[in-house]
Amino acid sequence: MKDALKIIGASTLIPCDASCGVLEEGGVAISKGQIVEVGKLADLKHHYPSASLDFYKHGLLMPALINPHIHFEFSAHRDTFVYGKGFEGWLASVMQKRESIFANAQRHIQRAIHTQLQNGVGSVGAISSYGLEREILAHSDLRVVFFDELIGSAPHALEQNFKDFQHRHTLSLQYKSPTFTPAIAIHSPYSVHKELARRVLEMADTHTPISTHFLESLAELEWLEHKQGWFGHFFQEFLGVTNPVPGFEGVEDFLNLFAKKHLLLVHALFAQPKHLEYAKTISAQTHIITCPRSNRLLSGQLLDPARVQECNLPYALATDGNSSNLDVNLLEELRHALFALPGDLERNAQDLLLGCTARASEALGLNSGCLQVGKDADLAIFSCKRAHTPLDILLKLTQAKKVRALYIQGKRVLPPAP
Ligand code: BEZ
Ligand code: FE2
């Protein structure tokens, strides 16, 4: 029976709600792809005597993980770009070799999707520059928020860039479904024309997730706030612009684009407290996404969670793409974040756990990331004998290397049905 009630249980259950509590011998009851009860397995069996049961002994049942920022199209990149010469060295290498993504793109995209699922990732925020991965993702097992990305700073190309964007986004809207949400990305403050960005953002309502790379480098901050530094040279050398000037009158002018929007600020590595405070005032739905390994590789440093917490902004964790990381493995990202982020270990562990579940879900505007009545039944089970604290759980996840079972909308996708 297709939509029959089922119970999924495990030796340990972590709902990933704000309390970050742990339940032994717990489970969820599911109907029509949604959670209808969470509790002790014995109680669930009593309440739903005819439900089927999948029980995972020595298993940890939790919400499926969420990777809110990844570029699938750049999956073919391995050693393509320059690391260790600052963000500037990396961006220069991107400009020289960007088009190499087209070689065997489909195969590499499939492999990156496989990595997500094997990591226990049920949902992704996919940043799309060309639309090469649209159809593959729409037909994959993943739940996808698909960000058509706008790029283009040249005034003379404004109309053409707008038309190109409109075309890609119209195609994405045709794939809209419960597991595919079309959304919009504005590449960054240095790479978009203000008027173009404004016109594109007019297409979005207040619920549409809008993602943007934000203050990923010190050079970007200098360019935006002081109209000087490396970006002047960049625009002359790579884009042939004589007398280049920033497209925005400072950080606040850029953030004003996103008034009342559902906003994901990706990186925010060089954002000062006043910028984060301002971001909060322009939208009550502002989320920070941090990609620690990418930040370390490109800009040499990590976002200090304390800086984000001081401003009361929620943060989530993501891998970014292969173009600015060693891989797109979210469990590896968690492991590195846990060991490398400054601050209290237990506190960071709890934040990271929520950052790849409940907070990542909120950032993407999804109804998952937490085992609660009414949430979509996107579930991951990892091998784990016992775990009692968020730190225990994160260590077990990163040791597990891959998921034991994965359910999306209540349907098991891993291991695949025989
Ligand atoms: C552009 O297309 O205008 C652009 C691309 C990358 C960086 C900056 C600008
Ligand atoms: Fe990115």
Side-chain angles (χ1 to χ4, degrees), residues 67-74 77 81 86-95 98 124-130 145-153 165 183-194 196-197 200-201 209-225 229-231 234-235 238 246-248 250-251 253-258 261-272 275-276 279 283 286-303 308 313 315-325 328 333 360 363-364:
N67 188 357
H69 185 83
I70 173 170
H71 304 253
F72 283 98
E73 286 172 322
F74 299 125
H77 288 146
F81 302 136
F87 179 84
E88 295 87 335
W90 173 82
L91 185 58
S93 71
V94 170
M95 296 307 282
R98 192 175 162 89
V124 291
I127 310 294
S128 175
S129 309
Y130 303 94
V145 177
F146 192 78
F147 293 93
D148 285 304
E149 185 173 64
L150 177 75
I151 191 162
S153 56
F165 179 87
I184 292 175
I186 301 296
H187 179 267
S188 72
Y190 59 83
S191 61
V192 292
H193 191 282
K194 186 158 132 181
L196 175 63
V200 160
L201 288 170
I210 310 289
S211 178
T212 187
H213 297 107
F214 178 64
L215 296 179
E216 186 177 5
S217 67
L218 195 56
E220 181 182 327
L221 181 63
E222 259 194 341
W223 182 237
L224 258 185
E225 290 284 86
W230 179 81
F231 268 101
F234 169 84
F235 276 101
F238 289 96
F248 296 89
V251 172
D253 188 34
F254 176 68
L255 287 171
N256 286 340
L257 278 178
F258 308 102
K261 300 287 193 206
H262 183 119
L263 177 60
L264 290 78
L265 293 175
V266 180
H267 303 309
L269 196 56
F270 292 90
Q272 295 164 350
H275 303 140
L276 297 177
S283 170
T286 299
H287 307 261
I288 304 294
I289 310 295
T290 188
C291 308
R293 287 186 299 166
S294 170
N295 289 164
R296 182 81 173 118
L297 278 172
L298 271 48
S299 292
Q301 33 185 302
L302 304 174
L303 183 68
V308 186
L313 276 169
Y315 83 86
L317 181 86
T319 59
D320 217 327
N322 272 332
S323 39
S324 62
N325 204 341
V328 286
E333 200 69 47
L364 290 178

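The first residue in the sequence is number 1, and the count goes up from there.
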S.K.: Can you name the nearest heavy-atom pair linking Ala363 to Leu264, along with the distance?
M.R.: O-CD1, 3.2 Å
S.K.: Got a second to check how far Leu302's CG is from Leu269's CG, nearest 0.5 Å?
M.R.: 7.5 Å
S.K.: Are the side chains of Ser299 and Phe270 in contact, using a 4.5 Å heavy-atom criterion?
M.R.: yes
S.K.: Spell out, as yes or no, whether a donor-acceptor pair under 3.5 Å connects the side chain of Glu220 to the backbone of Phe214.
M.R.: no
S.K.: Would you mind reporting whether Leu255 and Leu265 have side-chain heavy atoms less than 4.5 Å apart?
M.R.: yes
S.K.: State, with a plain yes or no, whether a side-chain heavy atom of Phe165 is found less than 4.5 Å away from one of Ile184.
M.R.: yes
S.K.: Side chains of Cys291 and Val266: does their closest heavy-atom pair fall under 4.5 Å?
M.R.: yes
S.K.: Quick check: closest heavy atoms across Ala185 and Phe147, and the distance to 0.1 Å?
M.R.: CB-CB, 3.8 Å
S.K.: Could you check whether any side-chain N or O of Glu333 sits under 3.5 Å from a backbone N or O of Leu317, counting only pairs where one atom can act as donor and the other as acceptor?
M.R.: no
S.K.: Taking the inter-plane angle between the rings of Phe74 and His71 on a 0 to 90° scale, is it parallel (under 30°), tilted (30 to 60°) or perpendicular (over 60°)?
M.R.: tilted
S.K.: Does the side chain of His275 come within less than 4.5 Å of Gln272's, by heavy atoms?
M.R.: yes
S.K.: Val200 versus Asp148: any side-chain heavy-atom pair under 4.5 Å?
M.R.: no
S.K.: Which distance, rounded to the nearest 0.5 Å, do you find between the OG of Ser128 and the CD1 of Ile70?
M.R.: 12.5 Å
S.K.: Just verifying a value: how many Å separate Thr290 OG1 and Leu303 CG, rounded to the nearest 0.5 Å?
M.R.: 4.5 Å
S.K.: Does the plane of the ring in His287 sit parallel, tilted or perpendicular to the ring in His262? Use 30° and 60° as the thresholds.
M.R.: parallel
S.K.: With sequence neighbours excluded, what pairs up with Phe234 under the ring-ring contact (aromatic ring centres under 6.0 Å, His included) test?
M.R.: Trp230, Phe231, Phe238
S.K.: Report the distance from atom NZ of Lys261 to atom OG of Ser211, rounding to the nearest 0.5 Å.
M.R.: 14.5 Å
S.K.: What is the minimum heavy-atom distance between Ala197 and Leu150, and which atoms define it?
M.R.: CA-CD2, 3.7 Å
S.K.: Does Ser324 reach the main-chain N or O of Ser294 with its side chain, forming a donor-acceptor pair under 3.5 Å?
M.R.: no
S.K.: Any sub-3.5 Å donor-acceptor pair from Lys194's side-chain atoms to Asp253's backbone N or O?
M.R.: no
S.K.: Report yes or no: does Glu225 contribute a side-chain atom to a donor-acceptor pair with the main-chain N or O of Val251 at less than 3.5 Å?
M.R.: yes
S.K.: As an exercise, state the distance from CD1 of Ile127 to NE2 of His213, rounded to the nearest 0.5 Å.
M.R.: 6.0 Å
S.K.: May I ask you to test the Leu257-Thr212 pair for a side-chain heavy-atom distance under 4.5 Å?
M.R.: no
S.K.: Using only atom types and a distance under 3.5 Å, with no angle test, would you say the side chain of Asn325 pairs donor to acceptor with the backbone of Thr319?
M.R.: yes
S.K.: If you define the side chain from C-beta out and look only at heavy atoms, does anything of Leu298 sit under 4.5 Å from Ser217?
M.R.: no
S.K.: If I compare all heavy atoms of Ala318 with all of Ile289, which pair ends up nearest, and what's the gap?
M.R.: CB-CG2, 3.6 Å
S.K.: Can you name the residues that form a ring-ring contact (aromatic ring centres under 6.0 Å, His included) with His193, not counting sequence neighbours?
M.R.: none
S.K.: Atom CG in Leu196, atom OG in Ser191: separation rounded to 0.5 Å?
M.R.: 10.0 Å
S.K.: Look at the rings of His267 and His69 and say which category their plane angle falls in: under 30° parallel, 30 to 60° tilted, over 60° perpendicular.
M.R.: perpendicular
S.K.: Please report the shortest heavy-atom distance between Val145 and Pro209, naming the atom on each side.
M.R.: CG1-CG, 4.1 Å
S.K.: What is the minimum heavy-atom distance between Ser153 and Tyr190, and which atoms define it?
M.R.: CB-O, 4.3 Å
S.K.: Looking at residues at least two apart in the chain, or sitting in another chain, which of them share a ring-ring contact (aromatic ring centres under 6.0 Å, His included) with Phe254?
M.R.: Phe248, Phe258
